[in-house]
Amino acid sequence: QVQLAESGGNSVQAGGSLRLSCEVSGWTDQSYCMGWFRQAPGKEREGVAGIDSNGMTSYADSVKGRFIISKDNTKNILYLQMNSLKPDDTAMYYCAADRPSALPVQLKLLTTTWDYWGQGTQVTVSS
C-alpha cells in the first residue's frame, strides 16, 4: 500500500525558510508525478509545485522564485524548499502522487484528482 508522509512544517516569521519532506513508502515506481499542494482555512486546495519523472518542474505563480521542489529517487523522498516565506503561505501542505499520463505537470497542478495524498503538515508564517 502506497503511503505518503509529510514532515517539516513549523511556525516561522516572514522572510524565513522551511524545508518540507515527503517520504513515500509502498512503491518504487519512479514514473509517477509528484507534487505539493496547500490549503488555507476557508480556501480551496491549490497546487504549489510539481515534478515529473523526467525532472521537469512547475510552480504556482505565487511561489515562483521562492520555492524549490526536488526529489531523491534513491530514498523515495520529495522535498519542498520554501524561502522568503510570507504570511500568505500559511496553510496545510500536502504531498501527492499521480500516475503518469499525457497531462503535463503544469496542468496536473491545476487539478486535485491525484492518486495518492499524504496527511499534511502545517506551515504558519507570522508577520
Side-chain angles (χ1 to χ4, degrees):
Q1 182 178 357
V2 177
Q3 291 185 322
L4 282 66
E6 303 95 335
S7 62
N10 211 330
S11 296
V12 296
Q13 289 192 328
S17 298
L18 284 174
R19 188 176 79 157
L20 305 184
S21 299
C22 173
E23 187 170 351
V24 183
S25 60
W27 79 7
T28 56
D29 189 343
Q30 305 300 338
S31 67
Y32 272 61
C33 184
M34 302 293 297
W36 288 98
F37 290 75
R38 67 186 181 187
Q39 188 166 19
K43 294 187 177 181
E44 293 186 351
R45 191 170 297 189
E46 63 173 354
V48 173
I51 184 168
D52 67 16
S53 59
N54 296 316
M56 179 75 71
T57 59
S58 182
Y59 298 90
D61 287 343
S62 59
V63 307
K64 278 181 183 177
R66 300 188 298 121
F67 290 11
I68 300 172
I69 187 172
S70 62
K71 60 179 180 175
D72 186 330
N73 289 333
T74 61
K75 298 180 180 179
N76 275 347
I77 299 178
L78 179 74
Y79 299 102
L80 184 68
Q81 177 67 42
M82 305 188 295
N83 301 318
S84 301
L85 283 162
K86 305 174 181 179
D88 284 348
D89 295 319
T90 295
M92 185 71 78
Y93 283 72
Y94 298 91
C95 169
D98 199 36
R99 71 193 69 188
S101 71
L103 205 62
V105 62
Q106 58 265 39
L107 294 183
K108 282 181 180 284
L109 277 181
L110 300 178
T111 75
T112 56
T113 55
W114 289 46
D115 293 324
Y116 302 103
W117 292 87
Q119 294 300 307
T121 186
Q122 178 67 37
V123 172
T124 302
V125 184
S126 58
S127 57

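The CE atom of M82 sits 8.0 Å away from the CH2 atom of W36 when rounded to the nearest 0.5 Å. Between atom CE of residue M92 and atom OG1 of residue T124 there is a gap of 8.5 Å, rounded to the nearest 0.5 Å. With values rounded to the nearest 0.5 angstrom, T57 atom OG1 is found 9.5 Å from I68 atom CD1. The structure places CD1 of I69 at 7.5 Å from CG of L109, a figure rounded to the nearest 0.5 Å.
Qualifying side-chain contact (heavy atoms from CB on, under 4.5 Å) partners for D88, counting only residues two or more places apart in sequence or in other chains: none. For Q106, the side-chain contact (heavy atoms from CB on, under 4.5 Å) criterion is met by S58, P104, not counting sequence neighbours. Evaluation of the side-chain contact (heavy atoms from CB on, under 4.5 Å) rule for V12 yields L18, L85, V125 as partners, not counting sequence neighbours. With sequence neighbours excluded, the residues forming a ring-ring contact (aromatic ring centres under 6.0 Å, His included) with F37 are W114, W117, listed by chain and number. For the side-chain contact (heavy atoms from CB on, under 4.5 Å) test, residues two or more places apart in sequence or in another chain that qualify with S70 are Y79.
For the salt bridge (Lys or Arg N to Asp or Glu O under 4.0 Å) condition, no pair includes a residue of residues 117-127, sequence neighbours left out. Applying the salt bridge (Lys or Arg N to Asp or Glu O under 4.0 Å) test to every pair with at least one member in residues 10-26, sequence neighbours left out, gives no pairs at all. Pairs passing the salt bridge (Lys or Arg N to Asp or Glu O under 4.0 Å) check and including a residue from residues 39-54, sequence neighbours excluded, read R38-E46. For residues 99-121, the set of pairs meeting the salt bridge (Lys or Arg N to Asp or Glu O under 4.0 Å) definition, not counting sequence neighbours, comprises D98-K108, R99-D115. Applying the disulfide bond (SG atoms under 2.5 Å apart) test to residues at least two apart or on different chains, none of the pairs has a partner in residues 40-69. Pairs of residues two or more places apart, or lying in two chains, never qualify as disulfide bond (SG atoms under 2.5 Å apart) while including a residue from residues 47-85.
D61 and K64 are joined by a salt bridge, as a carboxylate oxygen and a charged side-chain nitrogen come within less than 4.0 angstrom of each other.
Residue-environment remark: CD (Q122) exceeds the threshold of 12 foreign heavy atoms within 6.0 Å. In this structure, K86 places its NZ atom where only 12 or fewer heavy-atom neighbours from other residues, nucleotides or ligands lie under 6.0 Å away.
Cluster partners of L103, by chain and number: L107, L110. The rule joins Ile, Leu, Val, Met, Phe, Trp and Tyr whenever side-chain heavy atoms lie under 4.5 Å apart.
When side chains are defined from C-beta on, Y94 counts as touching Q39, because their heavy atoms get closer than 4.5 Å.
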